[in-house]
Amino acid sequence: MYEEGGSSEYTVIAPLRGECVYTSCYCEENVWKLCEYIKDQQTCPTDEVYAVFISNERRTIPIWKQKSSRGDEPVIWDYHVVLLHLNKQGQGFIYDLDTTLPFPCPFDVYSREAFRSDLFLKPEFRRKMRVIPALTYLQKFASDRSHMKHSNGTWRMPPPSYPCIETAESKMNLDDFISMDANVGCGEVYKLSDFVQHFGVK
């Protein structure tokens, strides 16, 4: 359970952070595995759960409170992926296996601490979000992990031990999820301010 201020208790829908399937620098697969766990274990209705890709046209997005942060400096990712849970009680929680914030973290706390604001950022650093229903993500996402290989074929970072995630239609469509072109891929694309307004505490 998660007790947030005076609100009703929140039921956590994932394993403890240390018990989750996790591979450093493969956040898209870590979230896919979280979605798979939630679906298989039926810890909540899957229509309450979303994969959220964070990026922009230049693939330069700052996120604070990351494990690889130095002090209060943000990490500049090309993209990042978190899981969003919106339950029937109107509570929103973010599951980010790379954050130093709680796991899970109340949506508004995560937004304030990890996203902060785009108002003071140069345009090339402003964040966008692609929000994909968990079931759609499980059905459509595919990665052959080629983006994590150097030109000589060696790994930039060690890959997960389980087989690559693929579908009948695709072995690699990661770029369609990272893209913040609303005409490409699955889900809905939001500017950061619209994302926070849409999914935050009403």
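These values consider heavy atoms only, across backbone and side chains, with no hydrogens, waters or symmetry-generated copies.
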Within a reach of under 6.0 Å around CD of E188, are more than 12 heavy atoms found that belong to other residues, nucleotides or ligands? no

When you check the gap from the basic side-chain N to the acidic O, do K88 and E48 get nearer than 4.0 Å? yes

When you measure from the side chain of D108 to the backbone N and O of G200, does any donor-acceptor pair fall under 3.5 Å? no

So does Q89 have more than 12 non-hydrogen atoms from other groups sitting under 6.0 Å from CD? yes

Is it the case that the side chain of T99 and the backbone of L101 share a donor-acceptor pair, with hydrogens and angles ignored and the cut-off at 3.5 Å? yes

Any donor and acceptor pair, going by atom type alone, linking the side chain of K67 with main-chain N or O of L97 inside 3.5 Å? yes

Please say whether the positively charged group of R145, taken as NZ for Lys or CZ for Arg, lies over the ring of Y162, i.e. under 6.0 angstrom from the six-membered ring centre and within 45 degrees of the axis. yes

What I want to check is whether the side chains of Y10 and H85 have a donor and an acceptor closer together than 3.5 Å. yes

Close side-chain approach of I38 to L83, heavy-atom, < 4.5 Å: yes

Has the side chain of N173 got a donor or acceptor atom that lies under 3.5 Å from a matching backbone atom of D176? no

For D175, is there an ion pair with R130 - N to carboxylate O distance below 4.0 angstrom? no

Would you call R70 and E73 a salt bridge, taking side-chain N to carboxylate O under 4.0 Å as the test? no

Say whether, by atom type as modelled, one donor and one acceptor occur between the side chain of S55 and the main chain of D78 under 3.5 angstrom. yes

Would K39 and E36 count as a salt bridge (Lys or Arg N to Asp or Glu O under 4.0 Å) if you check the C-alpha gap in whole Å, the side-chain angles of each, and the deciding distance to 0.1 Å? CA-CA 5 Å; K39 174 178 172 285; E36 181 184 53; over 6 Å; no

Classify the ring geometry between F141 and F177 as parallel (under 30°), tilted (30 to 60°) or perpendicular (over 60°). perpendicular

Passes side-chain contact (heavy atoms from CB on, under 4.5 Å), D98 versus Y22? Steps please. CA-CA 9 Å; D98 293 293; Y22 176 79; 2.5 Å; yes

Ring pair (Phe, Tyr, Trp, His ring centres under 6.0 Å) for F107 and F195? Distances and angles first, verdict last. CA-CA 11 Å; F107 180 92; F195 173 77; 5.4 Å; yes

Using the salt bridge (charged side-chain N to carboxylate O under 4.0 Å, His left out) rule, pick out the option among K191, R127, R126 that qualifies with D118. R127

Given the ring of Y110, does K65 sit roughly above its face, with NZ or CZ under 6.0 Å from the centre of the six-membered ring and within 45° of the axis? no

Under the 3.5 angstrom rule, does the side chain of Y26 hit a backbone N or O of M157 as a donor-acceptor pair? yes

List the steps, then state whether side chain to side chain donor-acceptor pair (under 3.5 Å) holds for D181 with S179. CA-CA 5 Å; D181 180 349; S179 170; 5.1 Å; no

Of all pairs that satisfy side-chain hydrogen bond (donor to acceptor under 3.5 Å, both in side chains), the ones with a partner from residues 134-144, not counting sequence neighbours: D144-S146

Show the numbers, then the answer: is there a side chain to side chain donor-acceptor pair (under 3.5 Å) between D96 and H80? CA-CA 9 Å; D96 179 1; H80 189 46; 3.0 Å; yes

Could you verify whether a donor N or O on one side chain and an acceptor N or O on the other, from Y79 and N56, lie under 3.5 Å apart? no

Testing the basics here: between S68 and V75, what is the closest heavy-atom pair and its distance to 0.1 Å? OG-CG2, 3.4 Å

Decide yes or no for I54 and F115: does some side-chain heavy atom of the first lie under 4.5 Å from some side-chain heavy atom of the second? yes

Under 3.5 Å, is there a donor on one side chain and an acceptor on the other for W77 and Q66? yes

